[in-house]
Amino acid sequence: MTQIHPSAVVDPKAELAASAVVGPFCMVGPDVVLGDNVELLSHVAIAGRTRIGSGTRIFPFASIGHRPQDLKYKDEPSVLEIGSNNQIREHVTMNPGTEGGGMVTRVGDNCLFMASAHVAHDCILGNNVIMANNATLAGHVSVGDYAFLGGLSAVHQFVRIGKHAMIGGMSGVEADVIPFGVVIGNRAHLNGLNIVGLKRRGFSRDDIHTLRNAYRLLFAPEGTLQERLSDVEDQFQGNAVVMEIVAFIRSDTSRSLSTPKFTGDGV
């Protein structure tokens, strides 16, 4: 039997796995689905068409699945999908999608959302993402696997954050961030590669050395970015790590690209 505290309010139409736990003073709406071993500690409010994967823990006063903070939202049947084994800490907010963004907000597996982080409508997050305290995503943002967003950082709508990228604390990000890149400042500029993150995740010294060389060539002062991108593609063809950056830059996007403030800064 699902463990539901007597003080919790759970709509009878909600779908709860037998191993789910709903703590004191939680509220669970009629279209919510909680997977195996999901735990709502206390004072958690979950609404909308929200699906939460197995093993995810949600801490007090989180607001999950309530209507988007978008004036264009007209009660369309959009959804919020949260994967497995996530840690969603106190006062975190996550909103479902909208008609203007594909109708879904999606969070991957094994992510950590520290206190008061915000995931807006139509955001797509990969696996192992970390958002520190008060980090904020505007609508339609995509975040790659293993990206880290520092405390009090804010990401502009439609921006793409590449895999293994790092956003420095208190940074305002209004342009796309390449995979493995580090951005800092207001407005944020590229400040080299996320070397610490690469080492922690087991990238070899050869991979890191190759990424350094590709980065220097890509953001050298000579030529245009497109010319340098073609040079990187030719010189490092077959290197999957570098090609991750090339593919990211070549993808269609509505935003500009974060670049170094000064040539060679932080490489």
Side-chain angles (χ1 to χ4, degrees), residues 31-33 45-53 56 58 62-89 91-167 171-179 181 183 188 248 251-258:
D31 298 312
V32 172
V33 178
I46 305 181
R49 298 164 183 83
T50 299
R51 303 170 191 142
I52 301 176
T56 289
I58 306 181
S63 174
I64 308 297
H66 291 81
R67 63 182 295 122
Q69 299 175 93
D70 182 349
L71 295 176
K72 300 185 296 299
Y73 180 71
K74 303 299 181 185
D75 295 314
E76 55 263 35
S78 56
V79 301
L80 169 63
E81 298 178 353
I82 299 173
S84 300
N85 301 313
N86 294 292
Q87 299 283 331
I88 300 174
R89 296 303 304 250
H91 298 280
V92 168
T93 53
M94 296 184 179
N95 299 145
T98 65
E99 187 175 13
M103 296 288 284
V104 62
T105 301
R106 182 175 294 115
V107 173
D109 303 330
N110 305 307
C111 300
L112 169 60
F113 300 90
M114 299 186 197
S116 299
H118 174 62
V119 178
H121 60 90
D122 303 295
C123 289
I124 304 296
L125 281 66
N127 302 321
N128 300 286
V129 171
I130 297 176
M131 293 181 63
N133 302 73
N134 294 285
T136 301
L137 303 179
H140 312 276
V141 170
S142 66
V143 181
D145 298 343
Y146 290 98
F148 176 87
L149 287 81
L152 297 164
S153 60
V155 182
H156 193 284
Q157 61 185 4
F158 293 102
V159 162
R160 298 178 302 148
I161 307 297
K163 295 179 179 180
H164 301 276
M166 180 175 180
I167 311 303
S171 294
V173 183
E174 60 182 3
D176 292 346
V177 180
I178 60 170
V183 297
F248 180 91
S251 297
D252 292 334
T253 178
S254 61
R255 307 300 302 172
S256 59
L257 187 71
S258 292

### Task
Please name all residues satisfying side-chain hydrogen bond (donor to acceptor under 3.5 Å, both in side chains) with S251, sequence neighbours left out, ordered by chain then number.
none
### Non-hydrogen side-chain atoms of S78 and T98 separated by less than 4.5 Å
no
#### Entry: All ring-ring contact (aromatic ring centres under 6.0 Å, His included) counterparts of Y146, not counting sequence neighbours
H164
### Query
What residues form a side-chain hydrogen bond (donor to acceptor under 3.5 Å, both in side chains) with T50, not counting sequence neighbours?
none
### Message
Using side-chain heavy atoms (C-beta onward) and a distance below 4.5 Å, is P96 in contact with R49?
### Response
no
### Query
Can you find a heavy atom in the side chain of I46 that is under 4.5 Å from one in the side chain of I58?
yes
### Shortest non-hydrogen contact from S153 toward I167
CB-CG2, 3.9 Å
### Query
Got a second to check how far C111's SG is from I130's CD1, nearest 0.5 Å?
9.0 Å
#### Entry: D176: partners by salt bridge (charged side-chain N to carboxylate O under 4.0 Å, His left out), with sequence neighbours left out
R160
## Note on the structure
Interatomic distance, CG@N86 vs CG@L112, rounded to 0.5 Å, equals 9.0 Å
### Query
Minimum heavy-atom separation for H118 to N95, with atom names?
CE1-OD1, 3.4 Å
### Query
How close do S254 and F158 get, heavy atom to heavy atom, and via which atoms?
OG-CB, 3.4 Å
### Task
Sort and list the pairs that fulfil salt bridge (Lys or Arg N to Asp or Glu O under 4.0 Å) and have at least one residue in residues 98-110, not counting sequence neighbours.
E81-R106
#### Entry: salt bridge (Lys or Arg N to Asp or Glu O under 4.0 Å) partners of residues 70-80, not counting sequence neighbours, each pair once
R67-D75, D70-K72
### Query
A175: what forms a side chain to side chain contact (heavy atoms under 4.5 Å, CB included) with it, not counting sequence neighbours?
S256, S258
## Note on the structure
CD1 (I161) and CZ (F248) are apart, to the nearest 0.5 Å, by 7.0 Å
### Task
Would you name the heavy atoms of G102 and D122 that are closest together and state the gap between them?
N-OD1, 4.0 Å
### Task
Can you sort out the partners of M94 under side chain to side chain contact (heavy atoms under 4.5 Å, CB included), two or more places apart, ordered by chain and number?
I64, L80, I82, I88, V92, V107, F113, V119
### Message
Taking R255's backbone N and O only, do any of them form a donor-acceptor pair with T253's side chain (distance below 3.5 Å, no angle check)?
### Response
yes
### side-chain hydrogen bond (donor to acceptor under 3.5 Å, both in side chains) partners of S116, counting only residues at least two apart
none
### Task
Please identify each residue that fulfils side-chain hydrogen bond (donor to acceptor under 3.5 Å, both in side chains) with H156, with sequence neighbours left out.
none
### Query
Just how far is it from atom CG of N128 to atom CG of N110, taken to the nearest 0.5 Å?
5.0 Å
### Closest approach of P68 to H121 (non-hydrogen atoms, all atoms of both residues)
CB-CB, 3.8 Å
Donor-acceptor pairs under 3.5 Å, side chain of residues 132-142 to any protein atom, not counting sequence neighbours: which ones?
unit_1: T136; atom_1: OG1; unit_2: N134; atom_2: O; d: 3.3

